[in-house]
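I'd like to ask you about the structure that follows.
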Amino acid sequence: MHLVLAAQPADAAVTGPDPGSGSGPVCAVRVLDERARQGPTPAEVVTRDGLATLVHEAESSTSPPRWTWDDTNRWYPALLTAGERVERCRDLRLAHRILRVSSLAATSDLATSSPSGWDALEHSPVGGAAVVGVLRAPQEESLFDLAAAPRAERERAREKGVPPSGAGADAGLDPVAELAVQEAAVTGSTAPGRLRLLLAAESAGALAAAEMHHAGLPWRTDVHDAVLTETLGPRPAPGRRPERLEALAVRIRAALDAPDSLNPDSHPDLLRAMEYAGVGARSLRKWELERIDHPVVEPLLEYKSLYRLYTANGWSWLDQWVRDGRFRTDYVVGGVVTGRWSASGGGALQLPRGVRRAVQADPGWVLVVADAAQLEPRVLAGLAADETMAAAGAGGDMYAGIVATGAVETREHAKVGMLGAMYGGTTGVSGQVLPRLSRAFPRAMGLVEDAARTGERGGSVTTWLGRTSPPPGQAWDAAQSGALGDGAPADAASLARSSARAWGRFTRNFVVQGTAAEWALCWIAAIRRRLWRLPTAAQPNHGPAPFADRAHLVFFVHDEVVVHAPAALAEDVAREVREAAEEAGRLLFGDFPVSFPLTVATVDSYADAK
DNA sequence: GCTTTGTGCCAC
DNA sequence: AAACGTGGCACAAAGC
């Protein structure tokens, strides 16, 4: 059953539970059956409190509904704040985005109709205003290019809480009608089961993302501060360098015989000084400096490393991002073209190893950290139905398994070769072992090669569940046509060739990275459902309801999760997370014998995992 | 003064 | 100036 939520104007009459409490009307709730058909029940108009009550009742039933709404971030954060958790939903915005371009539903009304308000909806951060992008006039090119509205303009609008172009956040958007259009697109697609799974997984991801933001990642400010003080020295006064950095700056100047005025933060100045000193570096990149034998290299590399910690994850980072012992970022579901998530705020998906020490479980609780071992090559094996490659992964370490087949001699070669195959690497060891991998695993290697050829022609590729890659942009088209004709510049042909190959590397990687993201979505969907069924904790953690006494997800990075769990439940959580991985594998690949083993660690601090 | 671009490093 | 995919982010310099 779908319960469809639609925002209501303030003057609508309230008919739902608790009509006397809360503020004005919030939404109309309509009941639809599984096939999105509306029954005889009229819409119920409820207040904010009424909605929480209604959700509570519906979620307590034996078969909770699928909440269907325009945007999870518009509805769910307030429900979580009210202590309510929902089992499943359909995020119409995210689903629309997938269906609009999926090659599996290319003939649907949804895909063939002109862009609507649903195409203009953008990610809205938790607590932020709903944001509508600018739809360009139909006669212009690139109808779907919502990024056409300059990013800065959209961000200004977002900060002010004002949707750009005067569009009401949901002007004319009818979720009941949209759901019907989506269901028709799925049902009439060439793979309804896969698309339905993808939409469910994407929507479950939206729930998990909102929940992780709500709960936050447990963060010990005191531990982080200790790490910083130990590495950089005491927190400096504003405008001053930490003392370790200052000391290194002195050593850098001495090694270069440079004046005290040399500022190591200025690349041009530093490069000039290095040139005078005859260091022989053309850039300040770490990999280049590491190859150079000169007294400045050691203090300079050290300086760069500490400077990075100081600027990216130093005291100001702590001030800005950690509140009440929790780090909260804005997860952007589907924020990456491939379907991976991105995150905005605090560099959440790039937490350096060094500061993970500060991620610590609350007293009486633990962190269960799990990551999928060699996820992408395993996904490729499933995607290509390559039984030989799948068998190589049966033992737990797929790279060791590849060595055991005799295809390559060392684990390192297997790893670099596979990564090269999936990224399009051609040089070094990666290029060397590729022919042998192709001979050993023709199906898997053939799949990525085909994906690359398609991209080189400017074509689109589609993941296992149906997410389709975008077409190359105008610049790409221009590069290709630029190489034609007699008057073409001499380097036009090479530009055309290199951009064609670059797009081939993108599509080559898209199918693997995108399908891995789908596996991961299914994994977290299963994890959150399973965790909710575990017993509650005797001792609550320091976070908010509804997760204060429940094991819950607190972090997710592509192929890795962190669960904050009552210590007594650690084993149960580890088991559920492993079973969820098996479940995800079956959901995607059915009986095909590809396995998805995990590395699981129960720790007090994130730094102790792995 | 502001915004944009270039550089470089972190994560998977 | 990276080879080889996807991102976020901070800072200095350049551009307006």
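Values below: all heavy atoms of this structure, side chains included; hydrogens, waters and symmetry mates excluded. Just so it is clear, the model here is predicted, and its values are computed rather than measured. Each chain gets a letter, A, B and so on, in the order its sequence line appears, and its residues count up from 1.
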Any base atoms under 4.0 Å from A:Val337, or only sugar-phosphate, or nothing? Heavy atoms, all strands.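 Sugar-phosphate only.
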When all nucleic acid strands are considered with a 4.0 Å heavy-atom cut-off, which category describes A:Gly345: base, sugar-phosphate, or nothing?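 If one applies the 4.0 Å heavy-atom cut-off, A:Gly345 turns out to touch the sugar-phosphate alone, with no base involved.
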Can you confirm whether A:Arg328 sits close enough to A:Val126 that some side-chain heavy atom of one is under 4.5 Å from a side-chain heavy atom of the other?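 When only atoms from C-beta onward are counted, A:Val126 and A:Arg328 do not touch, as no gap falls below 4.5 Å.
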Assuming nearest nucleotide by heavy-atom distance, tell me which of A:Thr338 and A:Trp287 is located more 5' along DNA chain C.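 Nearer the 5' end of the strand: A:Trp287.
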Protein-nucleotides 10-12 of chain B N/O pairs closer than 3.5 Å?
residue: B:dC10; atom: OP2; partner: A:Lys286; partner atom: NZ; Å: 3.2
residue: B:dC10; atom: O4'; partner: A:Arg308; partner atom: NH2; Å: 3.0
residue: B:dC10; atom: O2; partner: A:Gln350; partner atom: NE2; Å: 2.9
residue: B:dA11; atom: OP1; partner: A:Arg353; partner atom: N; Å: 3.4
residue: B:dA11; atom: O3'; partner: A:Arg356; partner atom: NH2; Å: 3.3
residue: B:dC12; atom: OP1; partner: A:Arg353; partner atom: NH1; Å: 3.4
residue: B:dC12; atom: O3'; partner: A:Asp559; partner atom: OD1; Å: 2.3
residue: B:dC12; atom: O3'; partner: A:Asp559; partner atom: OD2; Å: 3.2
residue: B:dC12; atom: O2; partner: A:Arg340; partner atom: NH1; Å: 2.9
residue: B:dC12; atom: O2; partner: A:Arg340; partner atom: NH2; Å: 3.3

Side-chain N or O of A:Thr311 versus OP1/OP2 of C:dC9: is the shortest distance under 4.0 Å? no
Would you indicate what A:Leu375 reaches in the nucleic acid, counting non-hydrogen atoms under 4.0 angstrom: base, sugar-phosphate, or nothing?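 Result for A:Leu375 = nothing.
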Over all strands shown, is A:Ala343 touching base, sugar-phosphate only, or nothing at heavy-atom distances under 4.0 angstrom?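 Touches sugar-phosphate only.
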So what does A:Arg282 hit on the nucleic acid, given a heavy-atom distance under 4.0 Å: a base, only sugar-phosphate, or nothing? base
Taking everything shown except A:Asp319 itself, do over 12 heavy atoms lie less than 6.0 Å from its CG? yes
Could you measure between the two P atoms, the one in B:dG6 and the one in C:dA2, and give it in whole Å? 13 Å
I'd like a list of close polar pairs between nucleotides 12-15 of chain C and the protein, N/O only, cut-off under 3.5 Å.
residue: C:dA13; atom: OP1; partner: A:Ser266; partner atom: OG; Å: 2.6

Check side chain to side chain donor-acceptor pair (under 3.5 Å) between A:Arg505 and all other residues, then give those that pass, not counting sequence neighbours. none
So, do A:Trp464 and A:Phe589 have ring centers that fall under 6.0 Å from each other?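 Ring centres of A:Phe589 and A:Trp464 closer than 6.0 Å.
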On DNA chain C, does the nearest nucleotide to A:Asn509 precede the nearest nucleotide to A:Trp321 from the 5' side, or the other way round? Give the residue.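 Between the two, 5'-proximity favours A:Asn509.
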Have a look at A:Thr426 and say if it touches a base, only the backbone sugar-phosphate, or nothing, with a 4.0 Å heavy-atom cut-off.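 If one applies the 4.0 Å heavy-atom cut-off, A:Thr426 turns out to touch the sugar-phosphate alone, with no base involved.
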